[in-house]
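These numbers were taken from a predicted model, which means no experiment stands behind them.
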Amino acid sequence: MAFELSSLLSNTLQTLSTSDHASVVSMNLFVTLLCACIVIGHLLEENRWMNESITALLIGLATGVVILLISGGKSSHLLMFSEDLFFIYLLPPIIFNAGFQVKKKQFFRNFITIMLFGALGTLVSFTIISLGAMQFFKNLDIGSLDISDYLAIGAIFAATDSVCTLQVLNQDETPLLYSLVFGEGVVNDATSVVLFNAIQSFDLSHIDHRIPLQFIGSFLYLFLASTLLGVTVGLLSAYVIKKLYFGRHSTDREVALMMLMAYLSYMLAELLHLSGILTVFFCGIVMSHYTWHNVTESSRVTTKHAFATLSFVAETFIFLYVGMDALDIEKWRFVSDSPGISVAVSSILLGLVMLGRAAFVFPISFLTNLYKKSETEKISFRQQLIIWWAGLMRGAVSMALAYNKFTRSGHTQLKGNAIMITSTISVVLFSTMVFGLLTKPLIMCLVPHRKHFRSDSTVSEDLGSPKSLTLPLLGSRQNSETDLGNRGASTDQGIGRPGSLRMLLNRPSHTVHYWWRKFDDAFMRPVFGGRGFVPYVPGSPIEQSTNNVTDGI
């Protein structure tokens, strides 16, 4: 008995040791490849075709080929895509940093258009892809798919890749396009996930007139509740940091609290079965508007770069991960006997994605242009082409939803499921590399970049936001809103600040923004802090600069 127990323990320890060694090898491989992606991405920075997401994807594919060759084609589970890893650990820092860095006034000025693109447009694309797949796939031998599978296909391929959008668009060079495409991408991802979950939860074997109403009610509830949760957590973080003022003892505590509460908002949304994407995005917006201004100057620099670094590493990891998992041999073994069917399915899906996107981008752009009085705010036809093209990329959200629907315990067990998984991989790889490669040249051709800053879209909009943190890095002057009214004032970068009269002419007093500013100044900022609130730290650069100004007066 003792010998059997000893033998069992020995075998268990040996198995654990082997498993731990494999994990260490995998982590070493990923860290090495991440470093390679950063170095190669830096060397290709000025390349008009390449971007870091495509670079990481190609490096992942090349590494996958090497692993297959070394293992003799047997290493099919070494790097298997995990939707939990994607949704719980990699996606939150990316979406939060996007909300934290986004130009808020540009985003909310186009909020109605973004919502039409992200919500209504996703529903249009979902309908076209689902109906098209139902019509064309019946003539192909891809196994048995029921109505829930076809609707799931529509939700999977209606999800755009907001992560890749961050790589190919620049909000300083093309602020309107960035706010529209990326804002649509965030709402689109949330809508696609809500659609997918609704399809999984509804009993579609008995369809009646109540299902559309139930879905609309479910979507509105999830959108409003997710947004409210993100705003609540953001305001709570601002209030706690402002009242307790952790920076008087340790800036590490306030930085840690900001990071943990940002992540907490996402996890609370998942716990309550809400949209974590929307929650963490709006939490990032609120934190950048209030919480970020309540911390010390050193914490502002730290949080800005910490969030950006986490987002950058997560983005690179995702594309590297997708590229390596694309060559998982088990998925392709099921379709090796009929490669023509897999190619046909992928081609049909690509065509439906392009058609579904065109079906809402151009009509919605036409409708939004009707109520916009200023020609500069209207979406030109060239910009519509870029919006249509940039949203054709499909990424990790589509792959995560496809794995959730068409795999069982991480494995593809049916021919139809295997074909849908491999087709999803093919569409993701093709759209990311082909559409992604051509997006930058297309933007340069259709919308040439302006090298100067527009006072009505850049300087006057987001001074003091985390995106403009070059000021604390270059000098000690603070970016408070009160400085906007100082005539003749200028930043350390030599960009003149518009005076009060000029601001009034650019932003008439009857706008919604004016009334929000009055409410914000009168009620929100006295409670939650925000721009203009300067924490006092003895011996800090802020105190020294304040003393210098006082001495000069």
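Looking only at side-chain heavy atoms (C-beta outward), Val397 and Phe196 stay at 4.5 Å or farther from each other. You'll find the side chain of Val345 stays beyond 4.5 Å of the side chain of Phe136, heavy atoms only. Between Met287 and Met261 the shortest side-chain heavy-atom distance falls below 4.5 Å. With a 4.5 Å cut-off on side-chain heavy atoms, Ser365 and Val361 count as touching. With contacts defined as side-chain heavy-atom distances shorter than 4.5 Å, the pair Ile38/Thr316 does not qualify. For the pair Tyr150/Ile129, no side-chain contact is recorded, criterion being any heavy-atom separation below 4.5 Å from C-beta on. For the pair Phe319/Ile54, no side-chain contact is recorded, criterion being any heavy-atom separation below 4.5 Å from C-beta on. Residues Val286 and Trp292 are not in side-chain contact: their nearest non-hydrogen atoms beyond the backbone lie 4.5 Å or more apart.
Across all non-hydrogen atoms, the minimal contact from Ser179 to Ile114 is O-CD1, 3.2 Å. Nearest heavy atom pair, residue Ala308 against residue Asn97, reads N-OD1, 3.3 Å. Taking all atoms of both residues into account, the shortest heavy-atom contact from Thr160 to Gly185 is OG1-CA, 3.6 Å. Taking each heavy atom of Phe360 and Glu184 in turn, the nearest pair found is CZ-OE2, 3.8 Å. Nearest heavy-atom pair, Gly395 versus Val428, reported as atom, atom and distance to 0.1 Å: O-CG2, 3.7 Å. Across all their heavy atoms, Ser423 and Ser346 have their closest contact at CA-OG, 3.5 Å.
Legend: residues meeting ring-ring contact (aromatic ring centres under 6.0 Å, His included) with Phe157, ordered by chain and number and at least two apart, are absent. Every residue two or more places apart in sequence or in another chain that forms a side-chain contact (heavy atoms from CB on, under 4.5 Å) with Thr368 is listed here: Thr113, Leu116, Ile364, Tyr371, Ile379. Partners of Arg394 according to the salt bridge (charged side-chain N to carboxylate O under 4.0 Å, His left out) rule, which considers only residues two or more places apart in sequence or in another chain, do not exist here.
Between Phe430 and Phe435, the ring planes lie perpendicular to each other; the angle is over 60°, past the 30° to 60° tilted range.
If you take CD1 on Ile386 and SG on Cys445, they are separated by 9.0 Å, rounding to the nearest 0.5 Å. Between atom CG of residue Leu320 and atom OG1 of residue Thr63 there is a gap of 6.5 Å, rounded to the nearest 0.5 Å. The CD1 atom of Ile94 lies 11.0 Å from the CZ atom of Phe317; values are rounded to the nearest 0.5 Å. Taking CD of Glu270 as the start and OG of Ser226 as the end, the distance is 9.0 Å to the nearest 0.5 Å. In this structure, CD in Gln135 is found 10.5 Å from CG in Leu352, a value given to the nearest 0.5 Å. For the atom pair Ser288 OG and Lys304 NZ, the distance stands at 13.0 Å (nearest 0.5 Å).
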Q: In sequence, state the C-alpha distance, the side-chain angles, and the governing distance for Ile285 and Phe100, and then conclude on side chain to side chain contact (heavy atoms under 4.5 Å, CB included).
A: CA-CA 5 Å; Ile285 291 178; Phe100 195 71; over 6 Å; no
Q: Might you work through the side chain to side chain contact (heavy atoms under 4.5 Å, CB included) test for Leu61 and Met324, ending with a clear yes or no?
A: CA-CA 5 Å; Leu61 286 170; Met324 297 180 77; over 6 Å; no
Q: Evaluate the side chain to side chain contact (heavy atoms under 4.5 Å, CB included) criterion for residues Ser275 and Phe223: first the C-alpha distance (whole Å), next the side-chain angles of each, then the deciding distance (0.1 Å), finally the verdict.
A: CA-CA 7 Å; Ser275 172; Phe223 181 85; over 6 Å; no
Q. Do Ile153 and Phe137 pass the side chain to side chain contact (heavy atoms under 4.5 Å, CB included) test, and can you show the C-alpha distance, the side-chain angles, and the key distance before you say yes or no?
A. CA-CA 11 Å; Ile153 290 171; Phe137 288 178; 4.1 Å; yes
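Between Phe307 and Phe96, the ring center distance clears the sub-6.0 Å criterion.
The closest donor-acceptor contact from the side chain of Ser398 to the backbone of Ile156 lies under 3.5 Å. Within the 3.5 Å criterion, the main-chain N or O of Cys37 finds no donor-acceptor partner in the side chain of Thr55. Of the possible polar contacts, none joining the Ser130 side chain to the Thr127 backbone as a donor-acceptor pair under 3.5 Å is found. At distances below 3.5 Å, not a single donor-acceptor pair connects side-chain atoms of Asp189 with backbone N or O atoms of Val186. Formation of a donor-acceptor pair under 3.5 Å by the Asn188 side chain with backbone atoms of Phe117 is not found in this model. Between the side chain of Ser431 and the backbone N or O of Met393 there is no donor-acceptor pair closer than 3.5 Å. Remark: side-chain polar atoms of Asn369 are not paired, donor with acceptor, to backbone N or O of Lys378 under 3.5 angstrom. Asn404 places no side-chain N or O within donor-acceptor distance of the main-chain N or O of Ala400, the cut-off being under 3.5 Å. Side-chain atoms of Tyr266 come within 3.5 Å of backbone atoms of Phe87 as a donor-acceptor pair (strictly under, hydrogens ignored).
In this structure, Leu224 places its CG atom where more than 12 heavy-atom neighbours from other residues, nucleotides or ligands lie under 6.0 Å away.
With respect to Thr432, the side chain to side chain contact (heavy atoms under 4.5 Å, CB included) criterion is satisfied by exactly one of Leu57, Val427, Leu392: Leu57.
Defined by atom type and a distance below 3.5 Å, a donor-acceptor pair is missing between the side-chain atoms of Gln384 and Ser380.
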